[in-house]
Structures are given as C-alpha cells and as structure tokens.
Amino acid sequence: MKKFSKCLLVFVVLLCTTLAFSQSTITGKILGSDFNEPLPGANVVEKGTSNGTTTNFDGNFTFKTNASSGELVITFVGYSSKTISFSGDQDLGTISLASSDIGLQEIQIIASVAVDRKTPVAVSTIRAAEIELKLGTQEFPEILKSTPGVYATKQGGGFGDGRINLRGFSSENVAVMINGVPVNDMENGRVFWSNWAGLGDVTSSMQVQRGLGAAKVAVPSIGGTINILSKTTDVEAGGNLYTTIANDGYKKFGLTYSTGLMENGFAATVSAAKIDGNGYVDGTEFTAVNYFVNISKQINENHKIALTAFGAKQTHGQRQNRHTIETFRDSERGIKFNSDWGYKDGQVTNSEDNFYHKPQISLNHYWTISDKTNLSTAAYASFGSGGGGGTAGDNSKFFLENDDYRVGVLGTIDFDKIVDENVAAGVSGSESILRASRNDHKWYGILSTLKTDITDELVLLAGLDYRYYRGLHFQEVTDLLGGQYHSDDNDVNNPNRQTQVGDKIGYNNDGLVNWLGGFTQLEYSKDKLSAFVALNASNTSYKRIDYFNYLDTDPLQETDASNFFGYGAKGGANFNIDDNHNVFANLGYFERAPFFRAVYPNFNNDDVNDGQENEKITSFELGYGFRGEKLSANVNVYHTTWNDRTEFAGFQRQDGTLAFANILGVNALHQGLEIDFVYRATDALKLTGMASLGDWTWKNNIEGVEIRDEEQNVIETVDIIIKDLHVGDAAQTTFALGANYNLGANTIVTLDYNYFADLYADFDPSDRGTAGPDAWKVPAYGIFDTAVRHNFKFGEFDAILTGRINNILNTTHITDALDGSGRGNVGDADYIAPSSARSARVFYGFGRTFSVGMKLNF
C-alpha cells in the first residue's frame with residue numbers, strides 16, 4: 001500500500017511538471033487597421049479550448065496557454081477574425097485586424113470619427129455588440145442614457161417617439177449624422193427617431209461627440225453631435241436570421257445576408273425586419289418594416305463606389321397630451337393612461353397617431369488620387385412621406401374634459417357617439433373629423449471632403465456641403481367619422497369646399513431651404529502632440545410658397561428668398577503626457593442662422609421677419625484621460641454660452657400691417673463636469689460608470705425693452721425675467737454604474753443602474769414677465785436594467801440568445817414635465833405661475849419591461 005501511494009505521488013508530480021512545461025506565455029498587441037488604433041476588449045482564445053483572455057485599453061494581452069504550441073483565434077466585433085500559430089513562450093508583437101466591413105474606413109473620414117488620445121473632444125463610442133445587447137425594445141436614443149451629458153426619454157411612449165438632450169440642449173440643437181450625412185430637419189432642426197426605427201439593426205458604431213465635436217461641416221450643433229455609422233457590407237459571405245418577443249405583444253422578425261467580397265470587387269449586404277406590437281402605453285399599437293441595402297464595387301485600386309439605402313415605413317398610435325399627476329392616479333390604467341384614443345365600431349382608433357416613411361439613399365465615391373491625397377464624396381437623397389394625425393372641426397369632442405364623449409370616467413374617446421351625430425347631420429356634413437398634418441419632403445445633398453497629407457505631420461482637409469430641401473406642409477382628411485363631407489373654406493382659390501377623405505384642408509404651403517457650406521481643417525500630429533484648427537461658413541436661404549392664403553395669380557404666393565450667413569471657427573489640441581495620461585483643450589465660436597419658423601412666424605407670406613439675428617455660441621472645454629492596464633477614465637469640464645436665442649415681438653404699424661422687433665440678449669449658460677470610467681477588475685468582470693454634473697441657467701433678464709413703430713411711438717414694453725432660473729427639460733445631474741460579467745467564454749451578464757436628478761419642468765422663457773421661483777423640479781429617480789447573452793451551437797448554426805429586463809424594480813418615475821398651465825406672449829402682463837406637483841403636466845416613464853431574442857448566424 002505504501003509503494004502504491006509513493007507511485008501515485010510520483011505520478012501526480014510528474015503530471016503536474018509535464019503540464020507546467022507544456023504551458024506557454026503569449027503576449028502581443030492588437031490594433032484595428034482602420035486608424036491603427038488599439039482594440040480594447042478583443043478576445044484571444046487558444047483554439048479548441050475555452051482558455052483565453054481579452055486585451056486591455058492599449059490593446060495588449062498576456063496569458064498562459066494549456067499547450068506548448070498551437071493556434072490562437074483573435075476576434076473583435078466589426079473586424080475579421082485572425083488565427084495565429086504559436087510555439088513556446090512568445091511575443092507576437094503587433095497584430096492588425098482588418099475591418100470586416102468594406103468601405104468603413106472611407107465612411108469614417110466623411111463622418112468625422114473622433115480618435116481616442118488624438119482628437120481633442122469629449123467623446124463616447126458605443127459599438128454594435130453593445131447596442132445589440134442593451135437596446136432590446138428601448139427607443140434608439142436610450143442606448144446612450146449611460147453616457148455623460150445625455151438625457152433620453154420615450155416622451156409620450158409611442159413607438160419611435162423618443163427624444164434626446166445633450167448637455168441640456170434639445171434635439172434642435174444637437175447635430176445627428178448618419179454616415180456623415182446630417183439628418184436634422186432643415187426647417188426646424190428636429191430629429192424624429194421613428195423615421196429611423198431600424199437603425200439598431202444596422203449600426204456599426206455610434207459616437208456621441210459632446211460640445212464642439214469633430215464634425216467639419218457647419219452642422220447646427222450646440223450641445224454636441226451624435227455620429228451614427230451604419231454597416232457597409234461584409235468582407236465574408238454569410239448572414240443571420242433573428243427574432244425577438246417582448247411585453248405587450250412585441251414581435252420582431254428579421255434577416256441579413258452578405259455576398260462577401262467577390263473576385264470581381266463586388267459586394268452586397270441586405271437586411272430587413274418586420275416589427276409590430278400593442279405598445280406599453282394604451283392605444284399605441286404599432287407596425288414597421290425596416291430595410292437596409294449596401295452595394296459596393298471596387299472599380300480599380302484608385303476608385304471605389306458604394307450605394308446605401310435604408311428606411312423604415314411605420315405607423316403608430318401616440319400619446320400627445322400630458323396630464324397632471326392626479327389624472328394618472330385617478331385613472332384605472334395608471335401610468336399607461338392615454339387620453340388620445342378609443343374604439344370605433346370595435347376597432348382601435350387614434351385621435352393622435354403618426355405614420356411616416358423616409359428612405360435615405362446615398363451614393364459614395366472614394367477616389368485615391370495619390371499616396372497622399374484622396375477625395376470622398378457622398379451624394380444623397382431623402383424622400384419623406386407622412387405626418388401626424390389629429391382632429392378638425394369641433395375639436396372639443398375629443399378633449400379629456402368633455403365627459404359627454406368619454407366611455408366612463410377618464411375613459412376612452414366615444415368615437416361611435418361622434419359617428420352617430422355625424423350620420424344624423426346628413427347633408428350638413430361632419431362636424432368633427434380626423435385629419436393628418438402632413439410633412440412630406442424632398443431632400444438632396446452632396447458632401448465632398450478632400451484629404452491631403454502636406455507632410456508626415458500635417459494634414460489638410462477641405463470640402464463642400466450643399467443641401468436642397470422642399471417641405472410640403474398640408475392637412476388632409478383621413479376619416480369623416482360617418483359624415484358625408486367636411487366643409488372647409490381655407491383655400492382662397494377654391495372656397496367653401498365639401499371635402500372628402502384625402503382632400504387638403506386647413507393649410508397648404510411649401511418651405512424651401514437652400515444650404516451651401518464650405519469647410520477647411522488643418523491637422524497636426526507628431527509624437528505626443530496632435531492639434532487642429534477649422535473654419536466653416538454657410539449660407540441658409542429660405543422661401544415660402546402658400547397655396548391656400550393667396551390666389552394663384554398673386555405674386556405674394558411665393559416669397560423672395562431670405563438669406564442668413566453663418567460661420568464658425570474652432571481649434572483644439574491633445575497632448576499625450578505618456579502611455580497612460582493625456583490632456584486636451586478645445587475652443588470654438590459660431591453663429592447659426594435662425595430656423596424657418598422665426599422668419600415666417602405668422603404662417604403667411606406678408607409677415608416676414610427677415611431681419612432676425614443669428615444665434616451666437618461660444619464653447620470651450622478642458623479634458624484629461626487616463627489609460628492603464630485595468631482602468632480607463634476621462635474627466636472634462638465645459639462652458640457653453642448660447643447668446644441671442646431667437647426671440648421676437650410682433651406689433652402693428654400705423655398702416656395696419658404687422659412688423660417684428662427682434663429681442664436680443666436672451667442668453668443661457670451651460671457648464672458642467674463629466675466623468676466616465678471603465679475598470680477591468682478581472683478577465684471576466686468589467687465595471688463602468690459615469691457622473692455628469694450640469695449647471696444650466698438663464699444668464700440675464702430683459703427689462704424695459706421698448707418696441708417702437710416708425711414714428712418712434714412706444715407700442716409695447718417687454719420684460720423677460722429669467723436670470724438664474726434653471727434650464728428645463730433635461731436632468732442636470734446623472735450617474736450610472738454598470739457591471740459586465742463573463743460566465744465562461746459563451747455567456748455575459750450585465751447589470752446597469754442609472755440615476756437622474758435636478759430635472760426642471762420645461763418652460764418658455766418669454767412667459768416669465770415678472771420675477772418668480774424656478775420651474776417645478778421633478779423628483780429624482782433611479783432605474784436598474786439587466787441583460788444576458790449566451791452563445792451556443794444550434795445544429796450547424798452559431799446561435800445567440802439575448803434576454804433583457806428594463807426597470808427591474810418597476811420604479812414609478814416621471815421623465816417629462818411641462819411648467820405652468822398655459823402659454824403667453826412676450827410682454828404679457830399676466831404672470832404664468834411656475835407649476836407644482838399638482839399643476840404640472842407630465843409623462844411617466846415605463847414600468848418593468850422585458851424582451852427575449854435569438855439570432856442564428858450562417
């Protein structure tokens with residue numbers, strides 16, 4: 001027995017010794033080929049085993065293999081995998097992974113992608129894998145809610161109705177670009193996310209560039225830039241099928257297929273998905289079809305072209321009207337209550353809905369002129385069709401306060417009663433109807449960027465940005481609600497019409513916008529220092545055509561062009577102190593043309609406010625970055641002043657015509673501190689966090705501004721008392737903590753906590769004619785979300801199963817609030833009191849929701 005024990009001990013020792021000698025220590029550094037950047041989080045696995053590691057923030061890795069020789073498989077989302085042989089202890093040096101998307105590098109130039117430790121701006125990047133894991137059924141902007149400076153909500157809760165604020169600025173003041181092409185509405189600057197319902201399926205990466213950003217075009221951005229890069233086409237052939245189910249009847253089915261890069265230089269990727277559901281909020285049923293196509297052709301070594309088309313045809317019910325907290329509490333439906341819908345003949349019918357289709361088509365040409373010079377050009381077109389539903393005629397029948405047309409207390413709209421009354425009216429026509437406010441458009445543009453290396457350290461970029469936009473605005477009858485016709489006398493060319501479904505009513509006008517801009521940027525990079533200076537200028541031209549208010553023979557039917565010249569200058573520098581520390585600073589000033597609405601404030605062609613002043617923005621920022629083996633962190637402070645916010649007062653001249661006085665000096669200050677970090681506690685555990693502390697206030701009062709006519713008679717005196725009041729509509733304090741844990745090589749679990757505070761109810765500063773307290777401050781709230789992803793084999797397919805729960809604890813919270821009970825005009829003597837918890841009009845955020853999805857890759 002003793003001999004056996006001794007033999008067993010010797011065997012174990014020999015086995016352990018053999019295993020120890022069979023191991024190898026492998027080191028290396030992994031870079032992406034696009035910009036020669038380190039790839040943190042790339043997977044390095046010993047082939048045939050689950051033994052592996054991930055790279056640190058500098059792309060470096062070190063780990064022990066199970067065998068003395070073999071192969072390593074290196075993977076990173078968005079890049080082609082690479083297999084490398086090893087033998088014994090070995091330093092593999094620098095390993096470059098090629099992009100898995102053809103043409104991605106060229107798009108990144110047009111899109112002005114910021115580069116870590118080089119571009120001197122505050123930036124956060126979210127890649128496709130994280131979007132797929134964390135988006136679920138959230139609104140697309142909500143994927144950014146753990147980003148410093150961002151506040152994103154679902155607003156009323158309809159499909160695609162989300163909104164986003166950046167550093168306290170609304171979407172009108174945040175530039176959104178897809179593949180470098182601006183998508184903010186040319187007339188009002190807004191972004192309607194329902195138009196891009198399929199973006200989550202085809203986004204390669206998304207950058208939030210806060211403040212000045214890296215964009216070279218003269219985009220109308222004050223708070224920052226959201227830069228979305230779609231997929232191009234895959235180098236390798238293959239595709240996937242996927243499906244998702246979620247709460248409230250949510251269903252999604254989709255597929256993607258890529259030909260891969262063929263021998264003739266041709267490649268194509270197509271993607272499509274169908275989504276429908278009932279909606280979390282009552283009466284917000286939705287359906288959408290999303291599609292994406294990218295076709296590229298390598299003509300020769302100097303020329304490449306790529307055609308991209310994507311869009312989402314969708315329709316959804318909306319909750320347009322906010323209500324008091326008391327109303328939500330009194331309703332049997334609680335936070336799901338919606339006053340803007342009902343049943344007609346047993347079918348769900350909305351008094352407020354949205355339907356839209358906005359395909360965007362882009363043809364990109366990439367020309368390598370020489371080893372040092374290339375030209376990237378994107379010609380694009382977008383054709384929007386659709387609008388938002390509403391009511392016409394006797395609108396009071398649809399009001400929540402009108403109990404005679406509600407089914408029960410705080411019930412749904414009694415459409416059947418309205419139909420019965422319209423039928424009874426007979427030849428008198430429908431008194432109350434449903435209509436749609438259409439906002440169709442045609443948009444064409446070309447964006448061209450020339451890049452040339454003057455020296456090894458100095459790069460010059462220059463380009464042109466031309467856009468033409470024609471918006472078609474009209475109302476049309478969508479449902480006569482049982483009547484024979486609806487009377488409308490708004491068209492002077494055809495008065496007293498008896499309109500039918502599809503006929504135009506109310507108004508019918510076009511808005512024309514021409515934009516021509518130029519930009520140039522000089523970049524310097526050598527050793528530890530990188531810097532840039534940039535200039536841009538643009539001319540915005542507005543015209544208005546009114547088909548209802550003016551006879552076809554009236555020359556006033558079309559206005560003359562009103563032109564506004566805008567310009568900007570910015571610069572910045574980044575200095576890498578060493579491999580771990582860097583600092584940066586940037587400074588900029590620009591003037592932005594007023595929006596279309598400010599030039600034609602009374603919706604006619606007589607009262608043109610073409611003397612409107614540009615808005616003036618000054619911004620500067622300081623930042624510090626740390627990149628260690630386990631910890632990556634950023635700290636930055638910013639200071640942005642928004643001067644001469646568009647504000648004006650109308651008055652009547654002696655001859656009875658209307659004139660406008662532009663009121664200057666309505667200024668706001670947005671400043672704050674932002675911190676974010678990623679900490680790789682172990683190979684399996686990654687911790688993330690951020691803190692954003694904003695101080696956004698109105699800077700000054702406007703007192704005793706006298707509005708005078710040509711005879712210098714005082715017509716009106718304006719007071720706007722807003723100094724030191726907080727800017728509303730976005731949480732000024734936000735925190736986030738997150739944990740990503742790898743349960744082995746195939747499973748990842750995440751837990752995220754987001755906290756929002758110092759959210760003041762939105763208000764119009766021109767309503768504040770006398771001194772008063774701040775707007776109502778919404779109670780702070782915190783939300784927990786979780787997700788799990790598991791990779792496994794499903795027959796011959798590589799499969800991914802993803803589950804997500806949002807608002808795990810079912811926390812009740814208010815995300816949007818409107819101050820005061822009404823709106824006033826500049827100079828109103830009647831003061832509109834700030835709202836309180838009792839009088840504020842609010843939207844609640846969603847309670848607990850879930851989704852489960854599966855993808856099969858082939």
Side-chain angles (χ1 to χ4, degrees), residues 40-45 50-54 75-78 125-140 142-147 152 154 200-201 203 205-206 240-254 256 273 275 277 280 678-690 736-755 782-795 797-811 845-858:
N43 294 304
V44 183
V45 178
S50 60
N51 181 38
T53 188
T54 57
T75 58
F76 190 78
V77 174
T125 302
I126 300 91
R127 300 190 182 275
E130 185 176 357
I131 294 173
E132 183 177 340
L133 175 64
K134 295 191 174 184
L135 183 58
T137 59
Q138 296 183 97
E139 293 295 301
F140 191 69
E142 290 184 284
I143 195 67
L144 303 173
K145 64 186 179 184
S146 297
T147 302
K154 293 180 172 66
D201 298 332
T203 295
S205 65
M206 177 165 50
N240 56 68
L241 297 167
Y242 54 93
T243 183
T244 300
I245 59 173
N247 54 278
D248 299 290
Y250 180 101
K251 300 184 297 295
K252 180 177 182 179
F253 305 93
T256 299
I275 312 173
Y280 181 86
V678 179
Y679 178 66
R680 295 189 179 275
T682 68
D683 288 342
L685 178 62
K686 180 177 74 172
L687 303 175
T688 61
M690 75 87 183
L737 286 173
N740 290 28
Y741 187 73
N742 293 312
L743 295 171
N746 298 318
T747 306
I748 184 171
V749 179
T750 71
L751 180 65
D752 295 289
Y753 175 73
N754 287 274
Y755 174 82
I783 299 294
F784 282 97
D785 302 324
T786 187
V788 59
R789 181 178 65 211
H790 178 64
N791 298 350
F792 62 100
K793 277 289 186 181
F794 187 79
F797 300 102
D798 292 324
I800 303 173
L801 186 65
T802 304
R804 181 162 180 84
I805 301 175
N806 296 315
N807 193 1
I808 301 170
L809 302 181
N810 202 30
T811 301
F846 284 12
R848 185 186 301 113
T849 60
F850 73 90
S851 64
V852 179
M854 184 174 178
K855 176 184 285 188
L856 298 179
N857 297 306
F858 57 86

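Nothing here was measured: the structure is a model prediction, and the numbers come from that model. In what follows, residues are counted from 1 in the order of the sequence shown. Side chains are part of it too, since the values below use all heavy atoms of this structure and drop only hydrogens, waters and symmetry mates.
With T682 contributing its side chain and A684 its backbone, the two residues share a donor-acceptor pair below 3.5 Å. With T243 contributing its side chain and K252 its backbone, the two residues share a donor-acceptor pair below 3.5 Å. Here the side chain of R127 pairs no donor or acceptor atom with the backbone of S205 at under 3.5 angstrom. Panel note: side chain T786, backbone I805; no donor-acceptor pair is recorded below 3.5 Å. Side-chain atoms of Y280 come within 3.5 Å of backbone atoms of G847 as a donor-acceptor pair (strictly under, hydrogens ignored). For T147 (side chain) and L144 (main-chain N/O), a donor-acceptor pair under 3.5 Å exists by modelled atom type. Judged purely by atom type and a 3.5 angstrom limit, N240 has no side-chain atom pairing as donor or acceptor with the backbone of L856. When atom types are taken as modelled, the side chain of T750 and the backbone of A787 share a donor-acceptor pair closer than 3.5 angstrom.
Both cation-pi conditions hold for K154 and F846: the charged atom is under 6.0 angstrom from the six-membered ring centre and inside a 45 degree cone around its axis.
The CG atom of N807 sits 7.5 Å away from the CZ atom of R848 when rounded to the nearest 0.5 Å. Interatomic distance, T75 OG1 to N43 CG, rounded to the nearest 0.5 Å: 4.0 Å.
Inter-residue side-chain proximity for I783 and Y755 is flagged as unmet; no heavy-atom pair is nearer than 4.5 Å. Side-chain contact check for F140 versus T203: some heavy-atom pair is nearer than 4.5 Å. In this structure, the side chains of Q138 and N806 come closer than 4.5 Å at one or more pairs of heavy atoms. Between T244 and Y250 there is a side-chain heavy-atom pair separated by less than 4.5 Å.
A salt bridge between K134 and D752 is present, with a side-chain N of the basic residue lying under 4.0 Å from a carboxylate O of the acidic one. Contact check on E132 versus R789 returns no salt bridge, with no Lys/Arg side-chain nitrogen under 4.0 Å from an Asp/Glu carboxylate oxygen.
Counting heavy atoms of neighbouring residues, nucleotides and ligands inside a 6.0 Å radius, atom CZ of F850 exceeds 12 of them. The number of heavy-atom neighbours closer than 6.0 Å to CZ of F794, taken from other residues, nucleotides and ligands shown, is 12 or below.
The two atoms that bring M690 and K145 nearest to each other are CE-O, 4.2 Å, heavy atoms only.
Side chain to side chain, S146 and N754 meet the donor-acceptor criterion of an N or O pair below 3.5 Å.
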